[in-house]
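All chains are named by letter (A, B, ...) in the order of the sequence lines, taking the proteins before the strands, and each is independently numbered beginning at 1.
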2 protein chains.
Amino acid sequence: MTPRSGARERLLGAAETLFADQGVAATPVDQVLARAGVAPATLYAHFGSKAGLQAAVLDARLARWDAAWAAAVDAAPDDRGRLLAVFDALDTFARGGAPSRWCTFLATAAGAPADDATAAAAIAADTELLRSRLTELAGPVAGDGAAELAEHLLVVVSGTLAMRLRPGADSAVARGRATAEALVSSV
Amino acid sequence: MTPRSGARERLLGAAETLFADQGVAATPVDQVLARAGVAPATLYAHFGSKAGLQAAVLDARLARWDAAWAAAVDAAPDDRGRLLAVFDALDTFARGGAPSRWCTFLATAAGAPADDATAAAAIAADTELLRSRLTELAGPVAGDGAAELAEHLLVVVSGTLAMRLRPGADSAVARGRATAEALVSSV
DNA sequence: GTCTATAACACGATAGAC
DNA sequence: GTCTATCGTGTTATAGAC
């Protein structure tokens with residue numbers, strides 16, 4: 001499916017890992033090049049700039065997150081499980097070969113000036129996916145209150161991701177899920 | 001109390017504003033110097049490095065946040081209001097002369113490598129303040145469930161801050177408060 | 001498309017006078 | 001303590017050969 005260009009794919013993979021580990025700003029282009037085993041001019045031929053590479057990484061990553069979440073929803077046994085499957089997906093996404101410290105999209109927004117167009121587009125796409133799918137999945141659980149419950153869960157999912165930056169990051173998803181369960185149960 | 005050195009105070013103020021607006025990494029030292037109207041050597045005489053300046057900004061900011069939150073708690077009319085006063089404080093803190101895009105401490109953690117000692121200390125101090133005071137304030141509302149409710153609210157507060165990075169940042173605090181109210185009401 | 005080599009620049013930090 | 005001037009380094013991006 002993906003048209004193969006060895007250098008291009010290696011650049012995307014190297015950049016995704018390094019950007020996630022260290023942040024985009026703290027990752028020199030040289031380091032991406034070294035990890036990918038590619039020459040500078042090749043990177044600029046494909047992506048035009050470091051920002052272009054970053055945008056390509058974000059695109060690829062949103063598609064993979066979308067797929068991972070969809071798979072977790074499919075694997076859940078009932079309506080409630082499907083709504084909470086976002087936490088299963090968060091838990092397994094990193095293990096499925098998607099290196100992440102907390103959240104690529106929030107990190108991009110946080111690391112860029114407020115008016116950066118690339119960052120704004122990335123965080124907007126991620127937010128839209130979260131809000132629309134949560135609303136859809138909340139329907140069978142909350143009926144007319146689906147939009148409101150989805151909005152609550154969007155806050156909780158965002159909070160779960162942010163908790164990964166605080167001490168005790170390892171238990172962030174478990175704690176976030178507990179909060180989400182309390183909200184779902186109160187409907 | 002604070003020994004006055006005009007240049008020092010101006011540097012702290014300029015750095016707090018610029019770091020909050022653009023992020024630390026995206027803010028060159030030159031820009032802080034220009035805004036403060038101070039020469040490079042003066043900054044290094046006072047703070048030793050850009051990281052030293054950042055640490056000083058974080059210290060001052062945690063103290064101010066602590067005070068602003070405490071004031072909001074005092075102004076609340078009842079136990080439930082005191083527990084939710086953290087949202088009042090979030091709403092008014094920025095207006096009270098504390099420039100912020102989302103959260104200085106989370107932004108510091110997000111912008112630094114995972115093993116950065118300065119960033120880790122800052123986020124740990126902020127987290128400890130949030131957790132301990134929320135637990136204390138949850139006591140009269142939730143009794144034995146205070147610790148659990150506080151943990152939920154810590155997730156929601158973190159989520160509220162993260163929502164400021166998503167589209168619709170202006171309503172982030174209002175939406176976060178609504179989520180918190182749903183949790184408090186379900187106890 | 002990919003390479004080697006290097007240009008052009010911005011940044012953090014310092015030297016030395018006052 | 002504060003200034004002016006500058007150094008050294010690391011970084012992004014490009015030129016030109018293959």
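Each of B:Val73, B:Leu153, B:Asp78 was evaluated against B:Leu83; a single residue qualifies, B:Leu153, per the side chain to side chain contact (heavy atoms under 4.5 Å, CB included) test.
For residues 56-84 of chain B, the ring pair (Phe, Tyr, Trp, His ring centres under 6.0 Å) pairs, not counting sequence neighbours, are B:Trp65-B:Trp69, B:Trp65-B:Phe93. Note on residues 101-137 of chain A: pairs passing ring pair (Phe, Tyr, Trp, His ring centres under 6.0 Å), not counting sequence neighbours, are A:Trp102-B:Trp102.
For the pair A:Leu43 CG and D:dT14 P, the computed distance is 11 Å after rounding to whole Å. Between the P atom of C:dA13 and the CZ atom of B:Phe47 lies a distance of 14 Å, rounded to the nearest Å. Rounded to whole angstrom, the span from the CG atom of B:Leu53 across to the P atom of C:dA13 amounts to 10 Å. B:Leu18 has its CG atom 12 Å from the P atom of C:dG12, to the nearest Å. Rounded to an integer number of Å, the gap from A:His46 NE2 to D:dA13 P is 16 Å. Between the CG atom of A:Leu11 and the C1' atom of C:dT2 there is a distance of 11 Å, given to the nearest Å. To the nearest angstrom, C1' of C:dC11 lies 12 Å from CG of B:Leu33.
The side chain of B:Pro40 has D:dT4 as its nearest neighbour among D:dT4, D:dC3, C:dT4. The B:Ala41 side chain lies nearest to D:dC3 when the options are C:dT2, D:dC3, D:dA13. Of all nucleotides listed (C:dT2, D:dT2, C:dA13), C:dA13 comes nearest to the side chain of B:Tyr44. Distances from the side chain of B:Ala39 to the nucleotides C:dT2, D:dC3, C:dC3 place D:dC3 closest.
The salt bridge (charged side-chain N to carboxylate O under 4.0 Å, His left out) search around B:Arg164 returns none, not counting sequence neighbours. Partners of A:Asp21 by salt bridge (charged side-chain N to carboxylate O under 4.0 Å, His left out), not counting sequence neighbours: none found.
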May I have the list of side-chain donor-acceptor pairs in residues 178-187 of chain B shorter than 3.5 Å, sequence neighbours left out?
{"residue": "B:Thr179", "atom": "OG1", "partner": "A:His152", "partner atom": "ND1", "Å": "2.8"}
{"residue": "B:Thr179", "atom": "OG1", "partner": "B:Arg175", "partner atom": "O", "Å": "3.2"}
{"residue": "B:Glu181", "atom": "OE2", "partner": "B:Arg177", "partner atom": "NH1", "Å": "3.4"}
{"residue": "B:Ser185", "atom": "OG", "partner": "B:Arg80", "partner atom": "NH1", "Å": "3.4"}
{"residue": "B:Ser185", "atom": "OG", "partner": "B:Glu181", "partner atom": "O", "Å": "2.9"}
{"residue": "B:Ser186", "atom": "OG", "partner": "B:Leu183", "partner atom": "O", "Å": "2.9"}

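For the contact set between residues 21-31 of chain A and DNA chain D, defined by any heavy atom under 4.0 Å, the members are A:Thr27, A:Pro28, A:Val29, A:Asp30.
Taking only side-chain nitrogens and oxygens, A:Ser49 never comes nearer than 4.0 Å to OP1 or OP2 of D:dT12.
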